Amino acid sequence: MEDSKFTQNIEEINIEAFQTDLINWFYQEKRNLPWRENQDPYKVWVSEIMLQQTKVDTVIPYFEQFMKKFPTVEALASADEQEVLKTWEGLGYYSRARNLQSAVQEVVETYEGKVPNDPKQLGDLKGVGPYTKGAILSIAYGIPEPAVDGNVMRVLSRILRIEADIAKAGSRRIFEAAVRQLISEDDPSAFNQGLMELGALVCTPKSPSCMLCPVQAHCKAFHDGVETELPIKTKAKKQKKQPYFACVLVDQHNRFLIEQRPNEGLLANMWQFPLVEKTDVDDDHLQAWVKEKYRVSLKGTDLLPKIKHVFSHIIWELDVRLFYVETTEEQANNQQWLSFGELAPYPFPVPFQKLINQLATHFESEI
DNA sequence: TAAACGTGGCC
DNA sequence: TGGCCAAGTTT
């Protein structure tokens with residue numbers, strides 16, 4: 001259906017000229033990025049995972065740190081997961097980090113530490129989906145496989161005037177089919193990266209710089225004057241608000257209670273201050289809930305500024321309450337009483353980094 | 001197929 | 001301010 005129109009448009013393209021124009025532009029204009037210093041498959045892999053749904057400028061410092069701490073497949077495979085998460089702290093989508101370490105462990109155990117260049121073996125690794133598989137194969141190994149990300153879909157939707165909804169899961173295969181016809185067998189790495197770099201620097205979502213585009217002459221959308229109408233992308237649903245109480249328990253030695261989140265779901269295995277949904281416990285029962293759940297007696301409470309945190313699919317509204325604890329009993333083993341300085345090694349998601357910053361202000365010199 | 005899964009920057 | 005966007009994968 002959608003394919004028929006694009007099949008016709010692809011036949012109007014001079015493929016050799018398109019490849020040459022794109023690849024030459026890429027070598028001319030490509031940014032110098034730390035993961036482009038060589039083609040080490042491990043570095044390519046780590047960079048591709050970090051770049052998922054994440055801007056280049058955000059990734060750069062994380063990539064540098066990660067490579068310093070885990071320079072090889074073996075180093076990452078044998079690291080503590082907590083240290084890996086700490087290095088990933090603030091980057092988001094933390095299952096990427098846990099899947100990456102798990103996959104690297106499989107590479108050590110099953111493939112003698114060599115990142116596979118076999119599409120099936122590579123694609124079966126945790127966290128390696130169709131895009132990442134194609135990116136590693138083409139960039140690290142020079143194998144002509146499609147690497148279709150959001151950039152590639154946007155660029156090709158314009159060049160070929162493809163009107164498939166790029167928000168839909170099934171649309172990716174249309175673009176993969178297009179790439180298979182267009183890709184350079186001689187330099188699939190520069191071709192795939194060129195498509196993405198073009199999307200990042202020229203063929204941008206809002207106002208594409210068509211006058212600077214190296215493949216303007218090949219672009220159906222530009223020819224027809226519809227470049228700003230593409231790609232077609234349906235809107236995401238609005239996030240649902242979730243009101244919580246965030247509870248800071250402080251004992252007489254200025255130690256704070258933190259707990260580790262479950263090993264799956266949102267922010268898996270990350271640490272937090274005790275959290276409870278307001279739909280589960282209302283204001284009147286909060287104090288009793290804290291005493292019961294954490295086996296403490298209280299000598300006072302206080303109020304800290306509210307924290308709002310927007311995730312991709314939900315919004316946390318944290319009402320932050322301070323509880324001064326008189327006596328404590330043994331706590332569960334996913335919990336820790338720690339002084340302020342001892343919090344440092346524990347990976348916290350951003351909403352709790354905000355909270356920790358509030359504590360630093362609130363307690364000033366006390367801690 | 002659609003929802004879950006983070007975060008920061010931009011307008 | 002709130003919606004949109006960024007080199008996606010898993011379930």
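Labels below follow one simple rule: chain letters A, B, ... track the order of the sequence lines, proteins then strands, and each chain is numbered from 1. This structure is a prediction, so every number in the text was calculated from the model and none was measured.
- Of the candidates dC4(C), dA2(B), dG8(C), the closest approach to any side-chain atom of Asp149(A) belongs to dG8(C).
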| query | How does protein contact run along nucleotides 4-11 of chain B, one letter per nucleotide 5' to 3', with B for base contact, S for sugar-phosphate only, - for none, heavy atoms under 4.0 Å? | reply | SBBBB---
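- At a threshold of 4.0 angstrom between heavy atoms, the contacts of Val56(A) include nucleobase atoms, whether or not backbone atoms are also involved.
- Residues Thr204(A) and Gln239(A) each lie close to DNA chain C; by heavy-atom proximity, the contact nearer the 5' end of the strand is made by Gln239(A).
- Within 6.0 Å of NZ on Lys114(A) lie no more than 12 heavy atoms contributed by other residues, nucleotides or ligands.
- Look at the C1' atom in both dC5(C) and dG6(B): the space between them is 14 Å, to the nearest Å.
- Remark on DNA chain C: of its neighbouring residues Gly127(A) and Lys238(A), the 5'-side contact belongs to Lys238(A), judged by nearest-heavy-atom nucleotide.
- Counting any heavy atom pair closer than 4.0 Å across all strands shown, Gly199(A) reaches no nucleic acid atom.
- Distance check on atom P: dC4(C) versus dA3(B) gives 16 Å, rounded to whole Å.
- Within the nucleic acid shown, Arg261(A) has no heavy atom closer than 4.0 Å to any nucleic acid atom.
- Heavy atoms of Arg31(A) sit under 4.0 angstrom from at least one base atom.
- As a whole-Å value, the separation of Asp124(A) CG from dT10(C) P is 10 Å.
- Between the C1' atom of dC5(C) and the CE atom of Met196(A) lies a distance of 17 Å, rounded to the nearest Å.
- Summarising the local packing, NZ of Lys299(A) is surrounded by more than 12 heavy atoms from other residues, nucleotides or ligands at distances under 6.0 Å.
- Counting any heavy atom pair closer than 4.0 Å across all strands shown, Leu195(A) reaches no nucleic acid atom.
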| request: Tell me, with the steps shown, if Phe323(A) and Phe245(A) meet ring pair (Phe, Tyr, Trp, His ring centres under 6.0 Å). | output: CA-CA 12 Å; Phe323(A) 294 92; Phe245(A) 288 114; 8.8 Å; no
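- Residue Ser47(A) is classed as having no contact, given no heavy-atom separation below 4.0 Å to the nucleic acid.
- If you run side-chain contact (heavy atoms from CB on, under 4.5 Å) between Leu100(A) and each of Val128(A), Val46(A), Leu125(A), only Val46(A) comes through.
- Distance, Tyr62(A) OH to dA6(C) C1': 15 Å, rounded to whole Å.
- A salt bridge is defined here as a Lys NZ or Arg NE, NH1 or NH2 lying under 4.0 Å from an Asp or Glu carboxylate O, and Glu197(A) with Arg31(A) meets this definition.
- Rounded to an integer number of Å, the gap from CG of Leu201(A) to P of dC5(C) is 18 Å.
- The CD1 atom of Ile166(A) sits 17 Å away from the C1' atom of dT1(B) (whole-angstrom rounding).
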| said: Applying salt bridge (charged side-chain N to carboxylate O under 4.0 Å, His left out) to Lys86(A) and Glu83(A), what does each step give before you reach the verdict? | reply: CA-CA 5 Å; Lys86(A) 187 68 189 178; Glu83(A) 199 185 341; over 6 Å; no
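- The aromatic ring centroids of Tyr244(A) and Trp316(A) lie less than 6.0 Å from each other.
- Backbone-only engagement by Lys308(A) is indicated by non-hydrogen atom pairs under 4.0 Å involving sugar-phosphate atoms exclusively.
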